[in-house]
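All values below come from the heavy atoms of this structure, side chains included, with hydrogens, waters and symmetry mates left out. So that the names make sense, note that chain A is the first sequence line, chain B the second, and so on, each numbered from 1.
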Amino acid sequence: MPELPEVETIKNELAPHILGGTITGITLLWDGIVKKPSVEEFRSRLTGQKITSLSRHGKYLVLSLSNDDLLVVHLKMSGSLLLGRDSTQQPEYTRAVFHLDGGTKIFFRDPRKFGGVWLVRDWKTVTKNLGPEPLEADFTPQVLTQQLRNRKAPIKALLCDQSVIAGIGNMYADEALFAARINPLRSGASLTPEEIGRLHHAIQQTLRAAIGSKGASIVNYYRPGGETGTAHFDFKVAHGRGRNCPNCGRPIQRIPVRNRGTYFCPGCQPAP
DNA sequence: CCCGGAACCTGAAGGC
DNA sequence: TGCCTTCAGGTTCCGG
């Protein structure tokens, strides 16, 4: 499931292969992957454009093009962008292929058809209300305090809310809360300044470590070269069904929070 | 504005 | 062996 560390890794590993390349054509195997504009306009505006830069905003990947259009990509839960050459066999569940001059291909593989691409002038029209980037210098404990102020929802749900913080999803929310020793059901407003300080540190630490490990390959995450990441080997609680807490040895618990599987240690993260 | 739940979508895995 | 249920979860939409 691509979250911030996975999308960051994809951006970094895609860049050297596609930066400066020109899109010569698009093969669509499932039209529904194009969210905006129409399929016809998407194809005509994209063809012939040079890729001038890559950036990431939250879980969105943005390719800047020479005509000032932006190709915005969201992989949602099961999407991957795989590099290939002319001779490469098309992976199963490929929904779109971007052909570049020189023979490079980018396969958008997405078994569950949740992902999408947009061709827009301003990426903010796609990402709507994106909160602060957790790894930017301006993401301070004060900013986190402000984002959680007066919020009654469980902190787990708030961490996964892209308008509160950009880029965190189910896995890293669980990991950050464990590292900060905060129960996922605590309300945002109930956190003390000390707990917010711990959480702020835990979020940055968890995301940075995961980027260092090239992302977590629990299910359906592949890097552009087809390799997996290794961040999940460092997970303490996330997807820890049947395992014990590495700190205190108690069984890791799984509870639903906003219909999402939430893993935590009842000893290290005491109930509210 | 805030909150929680449903819907979207399909393959993998486990139970009986 | 095969059918059924559960799980995986990012985002948007809707009702209260």
- Task: Side-chain contact test, heavy atoms from C-beta onward, threshold under 4.5 Å: evaluate it for A/Ile252 versus A/Asn244 and give yes or no.
- Result: no
- How long is the line joining CZ of A/Arg258 and C1' of C/dT11, in whole Å? 12 Å
- Do A/Lys214 and A/Thr9 have side-chain atoms, one donor and one acceptor, less than 3.5 Å apart? no
- State, without any angle test, whether A/Lys50 and A/Asn67 hold a side-chain donor-acceptor pair at a distance under 3.5 Å. no
- Item | Side-chain heavy atoms of A/Lys236 within contact of A/Glu175, under 4.5 Å | yes
- Flag, side chain of A/Arg95 to backbone of A/Trp30, donor-acceptor distance under 3.5 Å: no
- For residues A/Ser66 and A/Gln49, is any side-chain donor paired with an opposing acceptor at under 3.5 Å? yes
- Task: Just report the end-to-end axis angle for the helix from B/dC2-C/dG16 to B/dC16-C/dG2, five pairs per end, to 10 degrees.
- Result: 50°
- Message: For A/Tyr93, give me all partners under ring pair (Phe, Tyr, Trp, His ring centres under 6.0 Å), at least two apart in sequence or on another chain.
- Response: none
- Looking only at atom types and distance, does a side-chain atom of A/Thr24 sit under 3.5 Å from a main-chain N or O of A/Thr22, one as donor and one as acceptor? no
- Item | Nucleotide C/dA8, atom C1' - distance to CG of A/Asp174 in whole Å | 13 Å
- Message: Using heavy-atom distances to pick each residue's nearest nucleotide on DNA chain C, tell me which of A/Arg241 and A/Val126 is more 5'.
- Response: A/Arg241
- Spacing of A/Asn170 atom CG relative to C/dA8 atom P, expressed in whole Å: 8 Å
- Task: Using atom types as modelled and distance alone, determine if a side-chain donor or acceptor of A/Arg43 lies under 3.5 Å from a backbone N or O of A/Thr47.
- Result: no
- May I ask you to list the residues of residues 225-239 of chain A, by number, that have any heavy atom positioned under 4.0 Å from an atom of DNA chain C? A/His239
- Message: Between C1' on C/dG10 and OH on A/Tyr60, what's the gap in Å once rounded to a whole number?
- Response: 8 Å
- Task: Describe, in one word, how the ring planes of A/Phe98 and A/Phe42 are oriented to each other, choosing from parallel (under 30°), tilted (30 to 60°) and perpendicular (over 60°).
- Result: perpendicular
- Query: For the pair made of NZ in A/Lys76 and C1' in C/dT12, what is the distance, rounded to whole Å?
  - Reply: 8 Å
- Is there a side-chain contact between A/His57 and A/Trp123, using heavy atoms and a 4.5 Å cut-off? yes
- Task: Taking only the side-chain heavy atoms of A/His74 (C-beta and beyond), determine which of C/dC7, C/dG10, B/dC3 contains the nearest atom.
- Result: C/dG10
- Query: Is any NZ, NE, NH1 or NH2 atom of the basic residue among A/Glu6 and A/Lys59 found under 4.0 Å from an Asp or Glu carboxylate oxygen of the other?
  - Reply: no
- Query: Any side-chain N or O of A/Gln162 less than 4.0 Å from the OP1 or OP2 oxygen of C/dT11?
  - Reply: yes
- Rounded to the Å, how far apart are A/Arg254 CZ and C/dT6 P? 12 Å
- Query: In residues 139-159 of chain A, what residues come within less than 4.0 Å of DNA chain B, judged by heavy atoms?
  - Reply: A/Arg151, A/Lys152, A/Ala153, A/Pro154
- Message: Mind checking if A/Tyr263 touches a base, just sugar-phosphate, or nothing, with heavy atoms under 4.0 Å?
- Response: sugar-phosphate
- Report, as a single string ordered 5' to 3', how protein heavy atoms within less than 4.0 Å touch nucleotides 6-16 of chain B: B base, S sugar-phosphate only, - not at all. SBBBBS-----
- Sorted by first residue and then second, give each side-chain hydrogen bond (donor to acceptor under 3.5 Å, both in side chains) pair with at least one member in residues 99-118 of chain A; sequence neighbours left out. A/Thr27-A/His99, A/Ser78-A/Asp110, A/Arg85-A/Thr104
- Task: Would you mind reading off the distance between A/Glu3 atom CD and C/dA8 atom P, rounded to a whole angstrom?
- Result: 13 Å
- Any sub-3.5 Å donor-acceptor pair from A/Gln204's side-chain atoms to A/Pro134's backbone N or O? yes
- Task: Can you tell me the distance, in whole Å, between the CE atom of A/Met1 and the C1' atom of C/dA8?
- Result: 6 Å
